[in-house]
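Order of appearance sets the numbers: ligands from 1, and atoms from 1 within every ligand.
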Amino acid sequence: MVLDDLGTSLRDSLGKLSGQSRVTEEDVEEIVKEIQRSLLQADVEVGLVMELSDSIKERALEEDAPGGTSARDHVLSIVYEEMVALVGESMELPLEEQTILLAGLQGSGKTTTSAKMAWWFAKKGLRPAVIQTDTFRPGAYEQAEEMTARAEVDFYGDPDAEDPVEIAREGLEATSDADVHIVDTAGRHALEDDLIDEIEQIEGVVEPDRSLLVLDAAIGQGAKDQASQFEESIGIDGVVITKLDGTAKGGGALTAVDETGSAIAFLGTGEEVRDIERFEPSGFISRLLGMGDLKQLTERVERAMEETQEEDEDWDPEDMMKGEFTLKDMRRQMQAMNNMGPLDQVMDMIPGMGGGLMDELPDDAMDVTQDRMRSFEVIMDSMTENELENPRSIGASQVERIARGSGKDEETVRELLEQHKMMSQTLKQFQGMGQGNMERMMKKMQEGGGGGGGMGGMGPF
Ligand SMILES: Nc1nc2c(ncn2[C@@H]2O[C@H](COP(=O)(O)OP(=O)(O)OP(=O)(O)O)[C@@H](O)[C@H]2O)c(=O)[nH]1
Ligand SMILES: [Mg+2]
C-alpha cells in the first residue's frame with residue numbers, strides 16, 4: 001500500500017526517542033530525512049515533500065510537548081497531523097440527487113469505479129444510474145453493462161451511437177427516474193487537445209454537480225501535469241484513487257489532490273463492485289503510519305462486545321473489570337474476537353501491530369492463531385462448570401481427563417491454561433482504569449508497544 005515502509009522506518013527512528021523528554025535538532029533531522037525518503041520513494045512530488053518536512057521540522061522544534069507527553073508521542077502526533085493535512089479532508093458527498101462526471105486516463109479505473117460508486121449509493125438508499133459515453137474503447141459498452149448488472153443498478157449506453165455528447169444527453173433523459181447520475185467517459189490523455197474538447201462538451205451537456213478525477217495509485221510524477229490539465233478544462237472536485245490493493249505507491253495521487261486543490265472521495269481496493277470505500281483521512285494515515293486505527297478499532301471492539309452480550313444475556317463485561325478473570329470470560333473474549341471479523345484485519349488496527357509487523361509474521365501465523373482458538377473452544381467444552389470458574393483447581397489428572405474428553409493433547413490443554421494466565425495478568429493491569437473505557441485501554445496498549453505476539457500480546461482481547 002501507499003508509503004508502506006514509511007510506518008516501519010518512522011517507528012524505527014521514533015523508537016530512538018523512547019524515554020527522552022525533549023527532542024534535539026539532530027533527532028528531528030533524522031526523522032524528517034526518513035519521511036522525505038519514504039515520500040519521494042512513493043512518488044510524492046518533491047515540492048510537496050519539502051513543504052511537509054519543513055512544517056514538521058518547525059513544529060517539532062518549536063512546539064513544546066504538552067505536559068505528560070513523551071517526546072516520541074509529541075513528534076508522532078505532529079507527523080500524523082501534518083500528514084492528515086496533506087491528504088486533506090474527505091470530499092463532501094451529500095446523499096441527495098446529483099450528477100457526477102468521471103474523468104481520467106485510459107485504464108485508470110473509471111468504468112469500474114462508476115459501477116462501484118453506483119453500488120455504494122444504492123446501499124445508501126438512493127437510486128443511481130450509470131451512463132456510459134465511451135465510444136472509443138472496444139467493449140466499453142458491454143463492460144459497463146455487465147458491471148452495473150452485478151451492482152444491480154440502472155444503466156444506459158448505446159453501442160451503435162458515435163457521438164459521446166449525444167449519448168450523455170440521451171442517457172440523462174432515459175434515466176430520469178434515477179436520483180444519482182454517474183457519467184463514465186472514455187479514457188484520455190489530458191494533454192490531447194481533441195479529447196479535452198470532447199470532455200468539455202460532455203461537461204457542458206451534463207452540467208455535473210461534481211467532477212471526479214479517477215487515478216490509478218500507480219501514477220507517478222506525471223500526475224501533476226495531468227491533474228492540472230483536467231482541473232483547467234472541467235474543474236476537479238474530487239479524486240478517486242484506484243488499485244490500492246496492489247503494490248502501487250500512491251504518492252502521485254496525493255500530488256494530484258494537492259495540485260487540483262480537491263479532496264479524495266473514494267478508494268478502490270479491488271476489481272469487484274464492492275471493493276470501494278469512502279476515504280477517511282485520520283484512519284487512512286493512522287494505518288499508513290502503522291499506528292493502528294484507534295477510532296475504528298474502538299468502535300469495532302464495542303460492537304463486538306455488544307453482539308457477544310446479546311448472545312449471553314447474563315454476562316456483564318464490567319464484572320470482568322472487577323473480579324477474577326475466569327475461563328468463561330476468556331471464552332467470551334474469544335467469541336467477541338470472532339464477532340469482530342478476520343483476526344488479521346483486527347490485528348492490523350491495533351497500535352504497534354499494524355503495517356510492518358504483520359508483514360514479518362509468516363503468512364499462516366494468523367490461521368494458526370485462529371485454529372488455536374478453535375481448539376481452545378473444544379477443550380473448554382470438556383471442562384466442568386467448576387473448572388471453568390476456577391481454573392486454578394485444574395491439576396494434572398484433570399488435564400489428562402480434559403485432553404481425553406476433547407480429543408486434544410495435554411500440551412494444548414496446558415497452553416490454554418497458560419494463555420488464560422497471561423490474559424488474566426494483562427487484565428489486572430487494566431483493572432482500576434474504570435470500566436468500558438476502551439480508548440484509554442487502547443492507549444495503554446499502544447504505549448506498551450503491543451509486543452508479546454499472538455493473543456497474549458493482545459491483552460484482554
Ligand atoms: N485490482 C484492482 N483493479 C482495478 C481496480 N479498479 C479497476 N481495476 C482494473 O483495472 C482495469 C481498468 O479498469 P477500467 O474500469 O476498465 O478503467 P477505465 O478507466 O474505464 O479504462 P478506459 O475506459 O479504457 O479508459 C480493469 O482490469 C479493472 O478490473 C481496483 O481498485 N483494484
Ligand atoms: Mg472505461
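Scored by the salt bridge (Lys or Arg N to Asp or Glu O under 4.0 Å) test, Glu81 finds Arg59 as partners (sequence neighbours excluded). Not counting sequence neighbours, the partners of Ser233 by the side-chain contact (heavy atoms from CB on, under 4.5 Å) test are Ile196, Glu200. Scanning for salt bridge (Lys or Arg N to Asp or Glu O under 4.0 Å) contacts around Glu170 gives an empty result, with sequence neighbours left out.
The shortest N or O to N or O distance between Ala186 and ligand 1 is not below 3.5 Å. Close N/O approach between Gln143 and ligand 1 is found [any backbone or side-chain N/O within under 3.5 Å]. For ligand 1, the polar-atom distance check finds no N/O of Leu244 at less than 3.5 Å from any of the ligand's N/O atoms. For ligand 1, the polar-atom distance check finds no N/O of Thr242 at less than 3.5 Å from any of the ligand's N/O atoms. Considering backbone and side-chain N/O of Thr185, none are found under 3.5 Å from N/O of ligand 1.
Residue Ala140 places no heavy atom under 4.0 Å from ligand 1. Within the structure, the closest approach of Gly104 to ligand 1 does not fall below 4.0 Å when heavy atoms are considered. Ligand 1 does not have Asp275 within reach: every non-hydrogen atom of the residue lies 4.0 Å or more from it.
For the pair Asp154 and Arg127, the salt-bridge criterion is met [side-chain N within less than 4.0 Å of a carboxylate O]. Taking 4.0 Å as the cut-off between side-chain N and carboxylate O, Arg150 and Glu146 count as a salt-bridged pair.
No side-chain N or O of Ser108 forms a donor-acceptor pair with one of Asp216 less than 3.5 Å apart. Between the side chains of Arg372 and Gln419, at least one donor-acceptor pair of N or O atoms lies under 3.5 Å. At a cut-off of 3.5 Å, with distance as the only test, a side-chain donor of Ser55 or Glu82 sits close to an acceptor on the other residue.
Looking at Thr113, Leu105, Thr112 and measuring to atom 28 (C) of ligand 1, the nearest heavy atom belongs to Thr112. Across the listed options Lys116, Lys243, Arg137, Gln106, Lys243 owns the non-hydrogen atom lying nearest to atom 8 (N) of ligand 1.
Between the Thr242 side chain and the Gly268 main chain, no donor and acceptor come within less than 3.5 Å of each other. Distance alone, capped at 3.5 Å, places no donor-acceptor pair between the Thr260 side chain and the Ile236 backbone.
Counting protein heavy atoms only, atom 18 (P) of ligand 1 is closest to Lys110 N, 3.4 Å. Of the protein's heavy atoms, Gly270 O, 3.0 Å lies nearest to atom 30 (C) of ligand 1. At the shortest separation from atom 1 (N) of ligand 1 among protein heavy atoms lies Asp245 OD2, 2.8 Å. With respect to atom 3 (N) of ligand 1, the closest heavy atom belonging to the protein is Glu271 CG, 3.3 Å. Protein heavy atom in closest approach to atom 22 (P) of ligand 1: Gly107 N, 3.4 Å.
Near Gly268, with a cut-off below 4.0 Å to any heavy atom, the atoms of ligand 1 are 31 (O). Residue Thr111 approaches ligand 1 through these ligand atoms, each under 4.0 Å from one of its heavy atoms: 15 (O), 18 (P), 20 (O), 23 (O). Of all atoms in ligand 1, numbered sequentially from 1 with element shown, those under 4.0 Å from a heavy atom of Asp134 are 23 (O). Those atoms of ligand 1 that come under 4.0 Å of a heavy atom in Gly187, given as number and element, are 25 (O).
Counting heavy atoms closer than 4.0 Å to ligand 1, residue Thr269 contributes backbone atoms (N, CA, C, O) but none from C-beta onward.
In this structure, the side chains of Tyr141 and Thr135 stay at 4.5 Å or more apart for every pair of heavy atoms. Annotation: side chain of Leu101 is not in contact with side chain of Arg210 (no heavy-atom distance under 4.5 Å).
Gln132 pairs in a side-chain hydrogen bond (donor to acceptor under 3.5 Å, both in side chains) with only one of the listed residues (Asp184, Asp158, Thr185), which is Asp184.
For atom 26 (C) of ligand 1, no protein non-hydrogen atom is found at a distance below 4.0 Å.
Protein atoms that are N, O or S and lie under 2.8 Å from the Mg ion (ligand 2) are these: Thr111 OG1.
The side-chain tip of Arg278 points at the ring of Phe266 from less than 6.0 angstrom away and within 45° of straight on.
Around CD of Glu92, the count of heavy atoms belonging to other residues, nucleotides or ligands within 6.0 Å does not exceed 12.
In this structure, Thr111 OG1 and Gln143 CD are separated by 4.5 Å, a value rounded to the nearest 0.5 Å.
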